[in-house]
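See structure below.
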Number of protein chains: 2
Amino acid sequence: MTLIPHRTVASQLAVHLRAELKKGTWRGWLPSERVLSRTLQASRNTVRAALEQLKADGLIEPVRGLGNRVVGTAKPAIVEHQTRTVGVLIPEPIGHLRPLIALWIDELKDLLIEEGYRLRIHEGRQCYQTNPARALDRLIGQHAHSAWVVTLSSEAMQRWFARRNTPCLVAGSTYPDIALPHYDLDYRAICRHAAGILLRAGHRHLALLNRESRRAGDVDSERGFVEGVSRSPHRDATAVIAYHRDDVDSVARALRTLFDQKNPPTALVVSNSYAYLSTASVLAQRGLRVPQDISLISRDDDPFLASLVPEPARYRVDPHSFAKKIVGSLLQMLNRSTSLRSPAPLLPKFAAGGSTAPRQ
Amino acid sequence: MTLIPHRTVASQLAVHLRAELKKGTWRGWLPSERVLSRTLQASRNTVRAALEQLKADGLIEPVRGLGNRVVGTAKPAIVEHQTRTVGVLIPEPIGHLRPLIALWIDELKDLLIEEGYRLRIHEGRQCYQTNPARALDRLIGQHAHSAWVVTLSSEAMQRWFARRNTPCLVAGSTYPDIALPHYDLDYRAICRHAAGILLRAGHRHLALLNRESRRAGDVDSERGFVEGVSRSPHRDATAVIAYHRDDVDSVARALRTLFDQKNPPTALVVSNSYAYLSTASVLAQRGLRVPQDISLISRDDDPFLASLVPEPARYRVDPHSFAKKIVGSLLQMLNRSTSLRSPAPLLPKFAAGGSTAPRQ
DNA sequence: GGGCAGTGGATCTATTATTGAACCGCCAAC
DNA sequence: GTTGGCGGTTCAATAATAGATCCACTGCCC
């Protein structure tokens, strides 16, 4: 599999070269890249990719016009015997997270074990507060992981990690001007699409039920949702956004404010599958029926949604492929093969379900 | 460095598979190509390319419709328990299981790694059919695990394992005359308790929505439920049991037969949290309100239930302590220190929630 | 006997790694 | 200064791989 770096030719060459260096085959300067390319039976590009890894480890130092100088031989031993663990930062006990998140973290654990890494889960509620610096300092200082995977991260957390050179992968979206490697769903496109679906079904008063905390993904959602409505040909279409926290009551409150107004929405996009459950049951208590009285779309997926009647229209994600992308980026980062580009965000497939209907 | 492409993934896999074959990891038949592709993290095409090399070496012999047969019957290597792995047998992909089950399997994985064991998850739908002997023969024969953990097991499966001396722990209840070590919740006590709660609230027509498959835990539930009603001082109390499968439609059908009869129940115990979701939403569609029109209790717990309005009355379980019990029994079994007694079944705490009300 | 789920066999497309070849600016030596 | 070799960069073509979809075959269950 090409995503796993050590299976690529470049990484195999890097391993080989590291061994040769350690043996002391070359002192002073490496053979030129063109020569290496010939002796190692690989193209110069591939050799260069391998050399890049050695450079990142501080073993060699390329000098323009001269060659690759051998620098230090002490380092690699330390690199080898490093802990080889990866930390995952989550805000709550894993049992409280959404099942889909638990699933991909689980997959990530398996994939990393296969690669010789152990995954350590850190439930650090303090790191998710408004000023996380102290908590993060302590946590990251205490645990010498090879890399960190940060889930559900706040802007302050992302800024903190961006300032350090701790290897860090954001599982989720990043805020506009933060240059951290990240991987997430394309929430902007999702919500734009959801708005389009509802508008085409004849709805004109749409609402987005969004998390109050405004994580990057939520901001993107909002942006996409508003775009979807404002760029539509329907000039009479309106978009309202209501905010909720993670508890049931706040969802109920948000719904009350939405539906107690004069011109209540006829279609709702819910940004979170737990909130979808709350929404569906609160609407049922108010005597509103899905989809006859109101159409619902869930932005997030979770296995339990399949047990609802009607089945929620939602954007389906495969936790396995999500975990694979994450682990791919992670290993790339751990092997320092190249400077990491964030993979393109994932655009999940829309499953129509039965929770939307044309406006009556 | 040879010119033979040692560097392609396919060739690396071939090397790896050759080594595994020599070790005697698989006897008789190789795992199916699709399974190999998953465990080896490579596409089936690549796996097939690797298998082709083994075939050319005469190590395996593919049989259409059956699998890849191991030919070179060198010798049953004596490396029996060097593997130090534990197999978990589940009927569906882990993402389809209830989150709570996924959670304790996850915990189990962590705890076992700490003990030096690897957990291998086997999704064997065939092993859950009416006659699982063949599928089990093949699965258990193929994988030389130190022990097996069997979840959601049928009676036939338990009998199969009881006849062997394969170390096996049943995660769940056992059928009456089967002497396998097991650990589960005390479903009999739970359902007896649930019936008592509803009777004390004035309900007289109770129903239990139970799984059709009648696993041991479901049988216990039924027994406890009937006991709870029949032993009550209320002579006019009746207990009905309706059966459903694991799909939403069958739950809807079961509910229809319950509520279309002349004297419908006013209180319902649902044996499964997914079925609880289906039940709640079907009732909402019929215009019945919880708890005003009907009281509900969920026998099983799952995190997502907390997002429902009203919050379901249910029996709460801590997946961590459940996993610890399982791993405790398992390690006792693996170390063969003493003959294993099954730990006492767990009686979880009742959380009242808001889904029950006195009969109007 | 038919339906069904699982198997290897085969094929297709999209993505990615790798190749092989340009060209650039830099360096030291002639 | 010129020259040839060096690393740095880019590019298009190619090979490997992933991932999906069919097929024919097998055995089990109904």
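Atoms considered below: every heavy atom in the structure, side chains included; atoms not considered: hydrogens, waters and symmetry mates. The sequence lines fix the lettering, A, B, ..., with proteins before strands; numbering per chain opens at 1.
When the side-chain nitrogen and oxygen atoms of B:Asn68 are compared with OP1 and OP2 of C:dT7, none of them lie within a distance under 4.0 Å. Phosphate contact (OP1/OP2 of D:dA20, side-chain N/O of B:Arg44, threshold under 4.0 Å): absent. At least one side-chain nitrogen or oxygen of A:Lys324 sits closer than 4.0 Å to the OP1 or OP2 atom of D:dG19.
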Report summary line: Reading nucleotides 25-30 of chain D from 5' to 3' and marking B where a protein heavy atom lies under 4.0 Å of the base, S where only the sugar-phosphate is that close, and - otherwise, the string is BSSSSS
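In this model, no side-chain donor or acceptor of B:Asn45 finds a partner on the base of D:dT17 within 3.5 Å.
Residue pairs that meet the salt bridge (Lys or Arg N to Asp or Glu O under 4.0 Å) test with at least one member in residues 135-158 of chain B, sequence neighbours left out, are B:Asp137-B:Arg164, B:Glu155-B:Arg159. Each salt bridge (Lys or Arg N to Asp or Glu O under 4.0 Å) pair with one or both residues in residues 49-67 of chain B, not counting sequence neighbours, appears once here: B:Arg18-B:Asp57.
Using a cut-off of 4.0 Å between Lys/Arg side-chain N and Asp/Glu carboxylate O, B:Glu33 and B:Arg48 are scored as salt-bridged.
Every residue two or more places apart in sequence or in another chain that forms a ring-ring contact (aromatic ring centres under 6.0 Å, His included) with B:Trp148 is listed here: B:His122, B:His145. Scored by the ring-ring contact (aromatic ring centres under 6.0 Å, His included) test, A:Phe322 finds A:Trp104, A:Tyr183 as partners (sequence neighbours excluded). Every residue was checked against the salt bridge (Lys or Arg N to Asp or Glu O under 4.0 Å) condition with B:Arg215, not counting sequence neighbours, and none meets it.
The interatomic distance linking B:Leu54 (CG) with C:dG8 (P) rounds to 13 Å, in whole Å. Atom P of nucleotide C:dT11 and atom CZ of B:Arg48 are separated by 10 Å, given to the nearest angstrom.
Note on B:Ala10: only backbone sugar-phosphate atoms sit closer than 4.0 angstrom, heavy atoms only; bases stay farther off.
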